[in-house]
**Student:** 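Quick one: this structure, given as structure tokens, is what I'll be asking you about.
The shown structure was predicted, so the numbers you read here are calculated from the model rather than taken from an experiment.
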Protein chains: 2
Amino acid sequence: MANPLIRKLQQVIRLSADDQRLLEQATSERVTRFGQREDLMSEGDEPREIHPILSGWACRYKQLEDGRRAVLAFLLPGDLCDPSPLVLGEMDHSVGTLTSGTLAAIPRAVFEELTFHHPRVAQALWREALVQAAIQREWTLSLGQRNAYERLCHLLCELFLRLRIVGLTQGPSCELPVTQAKLAEATGLTGVHLNRMLQELRAANLVVLKGKTLTIPDLPALMAVALFSPNYLHLTREGSAGESHEAAAHRVSNHRSDSAHPGGR
Amino acid sequence: MANPLIRKLQQVIRLSADDQRLLEQATSERVTRFGQREDLMSEGDEPREIHPILSGWACRYKQLEDGRRAVLAFLLPGDLCDPSPLVLGEMDHSVGTLTSGTLAAIPRAVFEELTFHHPRVAQALWREALVQAAIQREWTLSLGQRNAYERLCHLLCELFLRLRIVGLTQGPSCELPVTQAKLAEATGLTGVHLNRMLQELRAANLVVLKGKTLTIPDLPALMAVALFSPNYLHLTREGSAGESHEAAAHRVSNHRSDSAHPGGR
DNA sequence: CGGGGTATTGAGCCCAATCAAACTATGTGG
DNA sequence: CCACATAGTTTGATTGGGCTCAATACCCCG
């Protein structure tokens, strides 16, 4: 199975064979295994390397002094654990694993060499960071405006599409190796309520969830109830790979209209 | 008054006189004015330049097909409007102005020249983008875990500190040229409820809001009720400028503890 | 086969939304 | 400089989505 990071970068920015080989080498040099429920990094750490996830799931999370905690992002194979290439100093959140898996470590020096002499790679990684930021914005939108049901639908759509990019879907199905409690933390719901939404989803035949396998029989339908527009994933520069025919239609057509800034909601 | 962008970058990464001069020039070459309630860019646009705000407020926002809308970020003087330096293609959200003000436009070529030959500048801008992403994460946390009252407190703390970085505070006061409706959109509340929270805040003497002037008599107190920890703003590499003595204490001390991954909430 | 983590169900409550109306600035044109 | 219009803020009454607490069922795994 191909390296998920390379596969993902490849999707949007064409990498030379040379670029690919170097990336492949950089991500296979120092690989470590991690178990379930470990912290890969903690708030306050200063990462000195780049850590792409090769397999398994992790999440960014943060907790308040009083114990309330939130999952801020899911990290899938091909994602970088570090908030980004080393310019930022202290971590402002933690990264914990959700499953066991494998993690690469690219030393700072190798990374700098790579981005310095291989602008395509640098650009691709840059872009990756920006997509992560776009996802974060979409989560903000979800939490602020979507209700519990829509939020869950939206999250499932996103995860499915992101998994598809790295080749981790089989037809309409994918692994969802995550407890309902974690999904709840990510959607800002309680476990109890998330469970209820999940049941509604099943009753509506929008989702089949059996064991750790998620099946989405009718993705466009699920996207519709989630008000999901895939543009924020920047899947590719025009068409193909998940950018469905309705993506364009989904876009809000509100360019400088008079109603651009109405009052309350 | 100094250029707010330079002032902000300067804060954390020491720029040479040469770097500063070039930045100064780049941001003063092509300056335009904007009015209140204009769209600076719309979802679907492909920005070809970098646009730092020199004065005035704007916001990133997004709306769902059914009209629900959210403010995803506030853009203050010194912030870059573009989601980031040009690698991403289509905008996945819009940017609208909240006040009148002035906007610089740095042509792509100038920008590339600047970042290419002036690594400190590139690094500083990089860092800026990462801080914006960290802010977005904190908003996710707020919307998911903080209640209405805390959310408002948290937002006011953040805005105040961010304004302070660019020198737009006078002692405990700053301008808050924003309607309650916008604050509501940013906190995921209705205008009505936001107003009620604001009154509670006033009653508790945590905030004085008169006209468009916000005064925070006791910032540490406000930060305490907001569960506000300034680390995510990455104000500086150790100490000074807002990194107060209690910042360290605020940090969650949860490194690889057994309770790192408890069940629900 | 027991046990801990996980999922499910039920009943009651509360925070924030909704609806509706009044009140207060802030303009703007006559 | 007033009168009207408009945007923004404030207040009250009511509703409801999602939370809480608590108990039960499930399922994987040692």
**Student:** Nearest 0.5 Å, what's the NZ-CD distance between K62(A) and E43(A)?
**Tutor:**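 Between atom NZ of K62(A) and atom CD of E43(A) there are 5.5 Å.
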
**Student:** Over 60° means perpendicular and under 30° means parallel, so tell me whether F228(B) and H154(B) are parallel, tilted or perpendicular.
**Tutor:**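 Tilted: the ring planes of F228(B) and H154(B) meet at 30° to 60°.
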
**Student:** N195(B) CG to dT24(C) C1': how many Å, rounded?
**Tutor:**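 So the two atoms are 12 Å apart, to the nearest Å.
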
**Student:** Among dA16(C), dC21(D), dT18(C), which nucleotide has an atom closest to any side-chain atom of L189(B)?
**Tutor:**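 For the L189(B) side chain, the nearest candidate turns out to be dA16(C).
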
**Student:** Rounded at 0.5 Å granularity, tell me how far CD in E158(B) sits from CG in L163(B).
**Tutor:**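 E158(B) CD to L163(B) CG: 10.0 Å, rounded to 0.5 Å.
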
**Student:** Between the protein and nucleotides 27-30 of chain D, which nitrogen or oxygen pairs are less than 3.5 angstrom apart?
**Tutor:**
none

**Student:** With sequence neighbours left out, write down each residue that passes salt bridge (charged side-chain N to carboxylate O under 4.0 Å, His left out) with R146(A), or none if nothing qualifies.
**Tutor:**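 Partners of R146(A) under the salt bridge (charged side-chain N to carboxylate O under 4.0 Å, His left out) test: E138(A).
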
**Student:** Rounding to an integer number of Å, can you tell me how far E185(B) CD sits from dG8(D) P?
**Tutor:**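 Answer to the nearest Å: 11 Å.
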
**Student:** Given atom CG of L201(A) and atom C1' of dA7(C), what is their separation to the nearest angstrom?
**Tutor:**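 In whole Å, dA7(C) C1' lies 16 Å from L201(A) CG.
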
**Student:** To the nearest 10°, give me the bend of the helix from dC1(C)-dG30(D) to dG30(C)-dC1(D), comparing the axes of its five terminal pairs at either end.
**Tutor:**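 Terminal axis comparison yields 40°.
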
**Student:** Considering only heavy atoms from C-beta outward, does the side chain of M223(A) approach that of P230(A) to under 4.5 Å?
**Tutor:**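 Yes - at least one pair of side-chain heavy atoms lies under 4.5 Å apart.
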
**Student:** Kindly point out which of dC19(C), dG18(D), dT20(D) is positioned nearest to the side chain of V192(B)?
**Tutor:**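 Closest of the options to the side chain of V192(B): dC19(C).
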
**Student:** To the nearest Å, how far apart are M197(B) CE and dC14(C) P?
**Tutor:**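 Checked: the CE to P distance equals 16 Å.
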
**Student:** Rounded off to whole Å, could you give me the CD-to-P distance for the E200(B) and dT10(D) pair?
**Tutor:**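 Atom-to-atom, E200(B) to dT10(D), this comes out as 14 Å.
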
**Student:** In whole Å, what is the span from the CZ atom of R146(A) to the P atom of dG17(D)?
**Tutor:**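 Going from R146(A) (CZ) to dG17(D) (P), I get 19 Å.
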
**Student:** Just N and O in the side chain of R202(B): are any of them under 4.0 Å from OP1 or OP2 of dT10(D)?
**Tutor:**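 Affirmative; the distance criterion is met.
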
**Student:** Are any non-hydrogen side-chain atoms of E175(B) and L214(B) less than 4.5 angstrom apart?
**Tutor:**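 No, every pair of side-chain atoms sits at 4.5 Å or beyond.
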
**Student:** From the set dG10(C), dC19(D), dT6(C), return the single nucleotide nearest to any side-chain atom of R37(A).
**Tutor:**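 Comparing dG10(C), dC19(D), dT6(C) against the side chain of R37(A), the answer is dT6(C).
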
**Student:** For the pair made of CG in L152(A) and P in dA7(C), what is the distance, rounded to whole Å?
**Tutor:**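 Going from L152(A) (CG) to dA7(C) (P), I get 13 Å.
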
**Student:** When the distance from NZ of K182(A) to C1' of dG5(C) is rounded to whole Å, what number comes out?
**Tutor:**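 Taking atom C1' of dG5(C) as the reference, NZ of K182(A) is at 13 Å.
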
**Student:** Identify, between R196(A) and K212(A), the residue whose nearest nucleotide on DNA chain C lies closer to the 5' end.
**Tutor:**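 Per heavy-atom nearest nucleotide, the more 5' residue is K212(A).
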
**Student:** Among the nucleotides dG10(C), dA17(C), dT10(D), which one has an atom lying closest to any side-chain atom of Q199(B)?
**Tutor:**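 Given the options dG10(C), dA17(C), dT10(D), the side chain of Q199(B) is closest to dT10(D).
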
**Student:** So D79(A) and F74(A), do their side chains get closer than 4.5 Å, heavy atoms only?
**Tutor:**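 The answer is no; the side chains never approach within 4.5 Å.
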
**Student:** With heavy-atom distances below 4.5 Å as the criterion, would you say the side chains of L72(A) and C59(A) are in contact?
**Tutor:**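 No. Closest side-chain heavy atoms not under 4.5 Å.
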
**Student:** Nearest-nucleotide wise, let me know which of N147(A) and V178(B) is further upstream toward the 5' end of DNA chain D.
**Tutor:**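 Its nearest nucleotide being more 5', the pick is V178(B).
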
**Student:** Does any non-hydrogen side-chain atom of W139(A) lie less than 4.5 Å from one of L143(B)?
**Tutor:**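 Not touching, per the 4.5 Å side-chain cut-off.
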
**Student:** So if I take every side-chain heavy atom of T179(B) and compare against dT9(D), dC19(C), dA16(C), which nucleotide ends up nearest?
**Tutor:**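 Among the listed nucleotides, the one closest to the side chain of T179(B) is dT9(D).
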
**Student:** W57(A) versus L76(A): any side-chain heavy-atom pair under 4.5 Å?
**Tutor:**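 Sidechains of L76(A) and W57(A): in contact.
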
**Student:** Look at the side-chain N and O atoms of Q180(A) and state whether any lies under 4.0 Å from the OP1 or OP2 oxygen of dT8(C).
**Tutor:**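 Yes.
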
